[in-house]
Amino acid sequence: MKKVIVIGAGIGGLSISIFLQKAGFDVHLYEKNDKVGGLCSGYYVNGHYIDHCLHWLMGTNKDSKLYELWNEVGALSNNVPIISLPTLGDFVYENQIVTFDRDLDKCEKEWLSISPVDKRAIKSFFATVRDVSSLMEYALKHPKYKKKKDLISALPNSLKVFKAMKESREDYSKKFKHPALRFALRNAQTGYNNMFFFFDLYGIFIKGNADVPSGGALYMSKRMEEKFLSLGGHLYLNSNVENIITKDNVATGIKIGNKTEYGDIVISCLDPTFTLNHLLDNKYRCVKIEKLNKNIANNPISSAYCLYVTIEGDISNISVPTCLHVKDLKVGSRKIESILIRPYGFDKEYFVKDNKTVVSIFIDQNQDDYHYFKSLSEDDYAKELNRIDKKIIEEIEKYFKNTKGKIEFLTHFSPIELNKHTNTSFGALQGFSFSSKSNFYMLRPTIKGLSNLYICSQWNRSIGGTPTAIESAKSISKEIIKKYL
Ligand SMILES: Cc1cc2nc3c(=O)[nH]c(=O)nc-3n(C[C@H](O)[C@H](O)[C@H](O)COP(=O)(O)OP(=O)(O)OC[C@H]3O[C@@H](n4cnc5c(N)ncnc54)[C@H](O)[C@@H]3O)c2cc1C
């Protein structure tokens, strides 16, 4: 039986471990943290549960091929309730609320009543959402479409959709005159300033394919851990891999402290930049990764500043999520214009305790913000985080008056903590993106000069995320099964 060493028990590592263990390999999975999940995880603070990740999960619709994959690894099943939130968000600008409702007809009417002069732009926006929605529905049901024309035929207005792939949300928003609509579109999605990603998200959301599994990220990754162990896999927590050992073009094993573990195949399921620079000591090259890192301004990564609080009492007046316009708030290297507030009362069993609801506040960050935080001394860093938290809480209390005096700090993290947690470059929570000045990329999962070393994670193609992690794991496991079994 071939022995496989897998480094990193995030979604990519857990998934490939399950696929290979199931296929008959002897899989040994090493994770540096004390629990599995990586970026897709959660924990308890003062008895309150914090979901560190899942705002929405692509593949929650049982008709989609992605659901089948989540089901295969034990992440989703008939026993896991899926929660469908009514909207993708309320966007509040100077007391005007703009909603991205699940019901497009209703939503279109609301937008028209907010700004009749924007009729043309509004009609065009909703037509594109409907187009992308049918494209994504087709693509998710038939991920193996062989011909481009099959894909195009699923799409009534392909030109508009493909144009949006290169358009920033900021430029797109300028098609609208009303400042609240502009604000909503500029801030419509966290990360990646690319209009296509938002059309994509909204399109799959209205089809029920981007909902939330009850219990969130911690319990989802725990179910995957249970699946792996039930198949006879070996999991080693608190095992920080320091090196991948190589000899004569072969990866022979790994080093953890003064221990060495040997295997026939090694799979590194974390950021490939870290794998190349640290685990392989810069001895091997991946030109594509080097280019992406060099051209990072045009392939930005997405990170986050997150504050977690509890709010006491009834907060049903705060929609899930609410994006609030803020003035004079600098987070990381720049002034930001919005905060995304997510009260978790929709999943009471996990997130409401003693009449207090867990609420997360999410702020977009990128590689420049990581560098900013990194440049601060320990003291200044702590002060800076306290300043940011205080200001966020003031903004929430100012708009939602019923929260005044009822907000309690739980914890916070910046790109620095994300980096420490999973070794992800710049504290990225997803992989490299693309912009009008760059293109979608895909990596070969092997590294030149090493025949049996694979890289498998969300970084295998833009734009990353949990779907990329599990889909890469599936396709790489097939390649390994074909070669070694
Ligand atoms: C705040 C936040 C919100 C998010 N929201 C969403 C969302 O709504 N929907 C969605 O789909 N995705 C979301 N994501 C992104 C999602 O979490 C990631 O895309 C996904 O989890 C990446 O999985 P991965 O396995 O590729 O990488 P990772 O999760 O980075 O896994 C890598 C693993 O390797 C381990 N590791 C690293 N170095 C070593 C070493 N030397 N030795 C041993 N182990 C090591 C790490 O600890 C980690 O467990 C969010 C993430 C964050 C942080």
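Being a predicted model, the structure only gives us computed values, none of them experimental. Whatever order the structure lists them in is the order used to number ligands and atoms, beginning at 1.
Of all protein heavy atoms, the one closest to atom 26 (O) of ligand 1 is Gln458 N, 2.8 Å. For atom 37 (C) of ligand 1, the closest non-hydrogen atom of the protein is Thr422 O, 3.3 Å. Of all protein heavy atoms, the one lying nearest to atom 35 (C) of ligand 1 is Glu31 OE1, 3.3 Å. Of all protein heavy atoms, the one closest to atom 41 (N) of ligand 1 is Val241 O, 2.9 Å. In this structure, the protein non-hydrogen atom closest to atom 44 (N) of ligand 1 is Lys32 N, 3.2 Å. Among all protein heavy atoms, the one lying closest to atom 25 (O) of ligand 1 is Gly12 N, 2.8 Å. The protein non-hydrogen atom at the shortest distance from atom 9 (N) of ligand 1 is Trp56 O, 2.8 Å. The protein atom (non-hydrogen) at minimum distance from atom 8 (O) of ligand 1 is His55 N, 2.7 Å.
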Please report the C-alpha distance between Gln21 and Phe228 in whole Å, then the side-chain angles of each, then the deciding distance to 0.1 Å, and finally whether the side chain to side chain contact (heavy atoms under 4.5 Å, CB included) criterion is met.
CA-CA 8 Å; Gln21 184 70 34; Phe228 176 58; 4.1 Å; yes
Candidate pair Arg223 and Glu226, rule salt bridge (charged side-chain N to carboxylate O under 4.0 Å, His left out), full reasoning
CA-CA 5 Å; Arg223 289 191 292 274; Glu226 278 161 22; over 6 Å; no
Given the rule in the salt bridge (charged side-chain N to carboxylate O under 4.0 Å, His left out) test, do Glu72 and Lys474 qualify, once you have shown the distances and angles that lead to the verdict?
CA-CA 10 Å; Glu72 191 180 344; Lys474 187 68 184 176; 3.2 Å; yes
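Of all the atoms in ligand 1, the ones that sit under 4.0 Å from a non-hydrogen atom of Leu54 are 8 (O), 9 (N). Within ligand 1, the atoms closer than 4.0 Å to a non-hydrogen atom of Ser239 are 42 (N), 43 (C), numbered from 1 in the order shown. Each of the atoms 19 (O) of ligand 1 lies under 4.0 Å from some heavy atom of Gly465. For ligand 1, the atoms sitting less than 4.0 Å from at least one non-hydrogen atom of Gly38 are 29 (O), 48 (C), 49 (O), numbered in the order shown with element in parentheses. Taking every non-hydrogen atom of Cys40 and a distance limit under 4.0 Å, the qualifying atoms of ligand 1 come out as 17 (O), 21 (O). Close approach of ligand 1 to Asn240 is summarised as follows: ligand atoms under 4.0 Å from at least one heavy atom of the residue are 40 (C), 41 (N), 42 (N). Close approach of ligand 1 to Ser457 is summarised as follows: ligand atoms under 4.0 Å from at least one heavy atom of the residue are 26 (O). Close approach to His421 involves these atoms of ligand 1, each under 4.0 Å from a residue heavy atom: 47 (O).
Taking a cutoff of 4.0 Å between a charged side-chain nitrogen and a carboxylate oxygen, Glu471 and Arg461 qualify as a salt bridge. Between Arg186 and Glu337, at least one side-chain N (NZ, or NE/NH1/NH2) sits under 4.0 Å from a carboxylate O, which counts as a salt bridge.
Note that Lys330 lies in the cation-pi zone of Tyr372, set by a 6.0 Å cut-off to the ring centre and a 45° limit from the axis.
Between the NZ atom in Lys483 and the OG atom in Ser451 there is a gap of 5.0 Å [rounded to 0.5 Å]. Remark: Ser438 OG to Leu292 CG distance equals 8.5 Å, nearest 0.5 Å. Atoms OG and CD1, from Ser17 and Ile5 in turn, are 11.5 Å apart once rounded to the nearest 0.5 Å.
Considering backbone and side-chain atoms together, Ile11 places an N or O closer than 3.5 Å to an N or O of ligand 1. Among the atoms of His52, none of the N or O lies under 3.5 angstrom from an N or O of ligand 1. Between Leu39 and ligand 1, at least one pair of N/O atoms sits closer than 3.5 Å. Annotation: Asn423 places an N or O atom under 3.5 Å from an N or O atom of ligand 1; distance criterion only.
Heavy-atom distances between Cys269 and ligand 1 reach below 4.0 Å in at least one pair. Judged by the shortest distance from any of its heavy atoms, Leu418 lies inside the 4.0 Å radius around the atoms of ligand 1. Using a 4.0 Å cutoff on heavy atoms, Ser41 does not count as a contact of ligand 1. The closest approach between Cys53 and ligand 1 falls below 4.0 Å for a heavy atom of the residue.
Judged purely by atom type and a 3.5 angstrom limit, Asn293 has no side-chain atom pairing as donor or acceptor with the backbone of Glu290. Asn452 contributes a side-chain N or O that, together with a main-chain N or O of Asp264, makes up a donor-acceptor pair within less than 3.5 Å. Using modelled atom types, one side-chain atom of Tyr49 and one backbone atom of Leu218 make a donor-acceptor pair closer than 3.5 Å. Remark: the backbone N or O of Ala9 is paired with a side-chain donor or acceptor of Glu31 at under 3.5 angstrom.
At a 4.0 Å heavy-atom cut-off, ligand 1 touches Ile7 through the side chain alone.
For Thr357, the side-chain hydrogen bond (donor to acceptor under 3.5 Å, both in side chains) criterion is met by no residue, not counting sequence neighbours.
With a 4.5 Å cut-off on side-chain heavy atoms, Phe205 and Arg102 count as touching.
By the definition of a contact as any protein heavy atom under 4.0 Å away, atom 14 (N) of ligand 1 is in contact.
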Validation: residues 275-282 side-chain donor-acceptor distances under 3.5 Å, sequence neighbours left out:
unit_1	atom_1	unit_2	atom_2	d
Thr275	OG1	Ser268	OG	2.9
Thr275	OG1	Asp271	O	3.3
Asp281	OD2	Asn243	ND2	3.2

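Proximity annotation for atom 51 (C) of ligand 1: of Leu429, Leu237, Asn33, Thr424, Leu429 comes nearest, heavy atoms only.
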